[in-house]
A.B. asks: 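Before we start, here is the structure in question, set down as structure tokens.
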Amino acid sequence: MNNAVIDNSSRWSRSASEHDPAHRMNPAGENDLANFRQKINQLRSRLNSALLGKPAVVEYVLASLLAQGHVLLEDKPGLGKTTLAIALSQSIGSRFRRVQCTPDLLPSDLTGFNIYNQKTQEFEFQKGPVFTEVLLADEINRATPRTQSALLEAMAEKQVTIDGLTYQLPATFFVIATQNPHEQHGTYPLPEAQLDRFAMKLSIGYPQEDDEARMLAAAVKSSPEQGKSVRTTADESCLTPAELLHLQQLTAAIHVQPNVQNYLVQVARASRSHPRIALGLSPRALLIWQRLGQAWAWLQGRDFVTPSDLQEVAYPVLAVRLVIDEDSTEKMITELISSVPVP
């Protein structure tokens, strides 16, 4: 989404770093940032090795991870969605759980339940798969609305409530949900309230011809045991969960100028008054969009956000929450972004 982008990086840099003492980094801080950027580069390389030929998808997933958002992958089966989720969890040294959503999946199958222990004569809580750092909810639109709603609290608040008791989830809790857009029989479309919980919607798509050839060649060279998912050790991980949390906190502190924030507000107001958009952007959507802009700026090596950062992430952010005809989504988003002057 680079339509009508004005490159004012030097002006944004002066306003964000020279006039604000908070953006003058000391040498120790610069060394820490250099170390983190090296780790992110390693993570980027590892994910690109797992998902061949899809660097744009990997970059968007990294941005969502740093922005503490969740990702909805809408695509055909067999394109590497599970591979990407497993590679991510292993690379950040996190626990990974996968849930295959079906119509008979109960909310307690996700969150957990209390079971009576006859020895202690007390109820004990058995944690469900949602108690993990990286959760893959496969074919989420095949689960019933009741089960889908069980994820709402977990995704928004990073906690679940069972029988009146609240249980905290890991601070770096990250959801990758998938759905197949071409099989609608026996599915339950996600309501707008749940779609708004996702940071962005992505489509992986088929790989290029040479990437498929590389994939086949790599499969021949590896043994069946190597092809299976094997958890990496802490030493092999690019990041630890504690480092990831610190990175997310650094990302949240990336500077955003008031006129850039006003640009977001004007796009939101334009979406709400557009005659062909049934449901415009919510305030929560703006918060998510700003966080993703901060994450994108950090991935580009900057400590300030420009309008081009927001436009780079605009399509996956808006595609998941604007209620419009699916066939005209890209055209409508381009029209919406172009209708608001760039500050």
Side-chain angles (χ1 to χ4, degrees), residues 16 22-23 25 28-47 57-72 84-85 87-97 130-136 151 153-160 168-177 196-200 202 232 234 237-256 260-261 264 284-306 309-310 312-313 316-317 320:
H23 291 272
M25 301 176 187
E30 291 178 356
N31 291 335
D32 290 340
L33 283 175
N35 182 46
F36 278 128
R37 294 198 185 283
Q38 182 180 4
K39 289 177 178 290
I40 286 295
N41 287 334
Q42 293 174 351
L43 176 58
R44 181 186 287 115
S45 176
R46 190 168 294 184
L47 294 182
V57 174
V58 168
E59 207 68 13
Y60 283 136
V61 170
L62 288 176
S64 293
L65 183 67
L66 293 181
Q68 303 182 60
H70 307 287
V71 175
L72 177 64
L84 175 63
L88 177 65
S89 65
Q90 293 180 342
S91 299
I92 60 177
S94 299
R95 293 169 295 171
F96 170 76
R97 297 294 297 274
V130 76
F131 286 88
T132 187
E133 278 95 13
V134 179
L135 175 68
L136 175 62
L151 275 177
E153 183 184 13
M155 293 172 63
E157 307 295 338
K158 296 185 179 179
Q159 65 182 28
V160 296
Q168 296 297 323
L169 299 177
T172 57
F173 178 65
F174 182 62
V175 175
I176 298 179
D196 206 32
R197 307 286 179 174
F198 289 98
M200 56 175 59
L202 301 174
T232 58
S237 301
C238 303
L239 287 169
T240 65
E243 288 174 330
L244 174 59
L245 180 60
H246 185 54
L247 263 177
Q248 291 173 337
Q249 293 168 345
L250 288 176
T251 299
I254 293 292
H255 185 71
V256 187
V260 176
Q261 293 173 328
L264 282 175
R284 177 167 55 206
L286 290 185
L287 291 171
I288 293 175
W289 195 357
Q290 177 174 267
R291 289 206 310 266
L292 284 165
Q294 292 173 301
W296 195 264
W298 196 95
L299 289 172
Q300 310 312 308
R302 286 184 276 100
D303 62 351
F304 56 92
V305 177
T306 69
D309 296 319
L310 301 174
E312 286 290 348
V313 298
V317 171
V320 74

A.B. asks: Does the side chain of L264 come within less than 4.5 Å of V256's, by heavy atoms?
C.D. replies: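 When only atoms from C-beta onward are counted, L264 and V256 do not touch, as no gap falls below 4.5 Å.
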A.B. asks: Report the residues that fulfil side-chain contact (heavy atoms from CB on, under 4.5 Å) with R97, sequence neighbours left out, ordered by chain and then residue number.
C.D. replies: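 Partners of R97 under the side-chain contact (heavy atoms from CB on, under 4.5 Å) test: P129, T132, L135.
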A.B. asks: Please determine if R37 forms a cation-pi arrangement with W298, meaning its NZ or CZ atom is less than 6.0 Å from the six-membered ring centre and no more than 45° off the ring axis.
C.D. replies: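 Yes, R37 lies over the aromatic ring of W298.
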A.B. asks: Could you give me the CA-CA distance, side-chain angles and deciding distance for F96 and L88, then say whether side-chain contact (heavy atoms from CB on, under 4.5 Å) is met?
C.D. replies: CA-CA 9 Å; F96 170 76; L88 177 65; over 6 Å; no
A.B. asks: Ignoring hydrogens, what is the shortest heavy-atom contact between A199 and G69? Give both atom names and the distance.
C.D. replies: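 Residues A199 and G69, closest heavy atoms: CB-CA, 3.7 Å.
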A.B. asks: Less than 4.5 Å apart, side chain to side chain, heavy atoms only: is that true for V130 and F173?
C.D. replies: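 Result yes, sub-4.5 Å side-chain heavy-atom pair found.
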A.B. asks: What's the separation between atom CD in Q38 and atom CG in L43, rounded to the nearest 0.5 Å?
C.D. replies: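 Q38 atom CD to L43 atom CG measures 12.5 Å (nearest 0.5 Å).
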A.B. asks: For the backbone of L169 and the side chain of K158, can you confirm whether one donor and one acceptor N or O come within less than 3.5 Å of each other?
C.D. replies: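 No; judged by distance alone, with no hydrogens or angles, the pair does not exist.
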A.B. asks: Please answer whether the main-chain N or O of I254 pairs with a side-chain N or O of Q294 as donor and acceptor at a distance below 3.5 Å.
C.D. replies: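 It does hold such a pair.
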A.B. asks: With no hydrogens and no angle check, is any side-chain donor or acceptor of T240 less than 3.5 Å from a backbone partner on I92?
C.D. replies: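 No: the side chain of T240 does not pair with the backbone of I92.
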A.B. asks: Tell me, please, which residues at least two apart from A87 pass side-chain contact (heavy atoms from CB on, under 4.5 Å).
C.D. replies: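 Per chain and number, A87 pairs via side-chain contact (heavy atoms from CB on, under 4.5 Å) with L47, A50.
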A.B. asks: Set out, in order, the CA-CA distance, both residues' side-chain angles and the distance that settles side-chain contact (heavy atoms from CB on, under 4.5 Å) for L299 and R44, then state yes or no.
C.D. replies: CA-CA 10 Å; L299 289 172; R44 181 186 287 115; 3.7 Å; yes
A.B. asks: Could you tell me if the side chain of D309 sits less than 4.5 Å from the side chain of R302, heavy atoms only?
C.D. replies: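 In short, these two side chains touch, coming nearer than 4.5 Å.
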A.B. asks: Could you report the tightest heavy-atom contact between V305 and V260, atom names first, then the distance?
C.D. replies: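 Of all heavy-atom pairs spanning V305 and V260, the closest is O-CG2, 3.9 Å.
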A.B. asks: Do you know the tightest heavy-atom contact between L66 and A295?
C.D. replies: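 For L66 and A295, the tightest heavy-atom pair comes out as CB-CB, 3.9 Å.
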A.B. asks: Minimum heavy-atom separation for S89 to R95, with atom names?
C.D. replies: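 Where S89 meets R95 most closely, the heavy atoms are CB-O, 4.4 Å.
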A.B. asks: Is a donor on one side and an acceptor on the other found under 3.5 Å between the side chain of S45 and the backbone of N41?
C.D. replies: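 Absent.
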A.B. asks: Under the 3.5 angstrom rule, does the side chain of W296 hit a backbone N or O of L310 as a donor-acceptor pair?
C.D. replies: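 Checked: no pair found.
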A.B. asks: Taking the six-membered ring for Trp, are F198 and H70 parallel (under 30°), tilted (30 to 60°) or perpendicular (over 60°)?
C.D. replies: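 Because their plane-to-plane angle is over 60°, the rings of F198 and H70 count as perpendicular.
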A.B. asks: Applying side chain to side chain donor-acceptor pair (under 3.5 Å), name anything that partners E153, two or more places apart in sequence or on another chain.
C.D. replies: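 Partners of E153 by the side chain to side chain donor-acceptor pair (under 3.5 Å) criterion, ordered by chain and then number, come out as Q159, T161.
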A.B. asks: Of the non-hydrogen atoms in T172 and P241, which two are nearest, and what is the gap between them?
C.D. replies: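 Answer, listing the atom of T172 first, then P241: CG2-O, 3.7 Å.
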A.B. asks: Could you measure the distance from the CD atom of Q248 to the CG atom of L244? Nearest 0.5 Å is fine.
C.D. replies: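 Going from the CD atom of Q248 to the CG atom of L244 covers 4.0 Å.
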A.B. asks: Taking the side chain as everything from C-beta on, heavy atoms only, tell me whether D303 gets closer than 4.5 Å to L250.
C.D. replies: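 Of all side-chain heavy-atom pairs linking L250 with D303, none is under 4.5 Å.
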A.B. asks: Do S64 and L292 touch side chain to side chain, with heavy atoms closer than 4.5 Å?
C.D. replies: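 Heavy-atom side-chain distance check passes, below 4.5 Å.
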A.B. asks: With rounding to the nearest 0.5 Å, note down the distance linking CG in L65 to CG in L247.
C.D. replies: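 Going from the CG atom of L65 to the CG atom of L247 covers 8.5 Å.
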A.B. asks: How close do A171 and L245 get, counting heavy atoms only, and between which atoms?
C.D. replies: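 Taking every non-hydrogen atom into account, CB-CD1, 4.0 Å.
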A.B. asks: For V160 and F131, run side-chain contact (heavy atoms from CB on, under 4.5 Å): C-alpha distance rounded to whole Å, both residues' side-chain angles, the deciding distance at 0.1 Å, then the answer.
C.D. replies: CA-CA 9 Å; V160 296; F131 286 88; 3.4 Å; yes
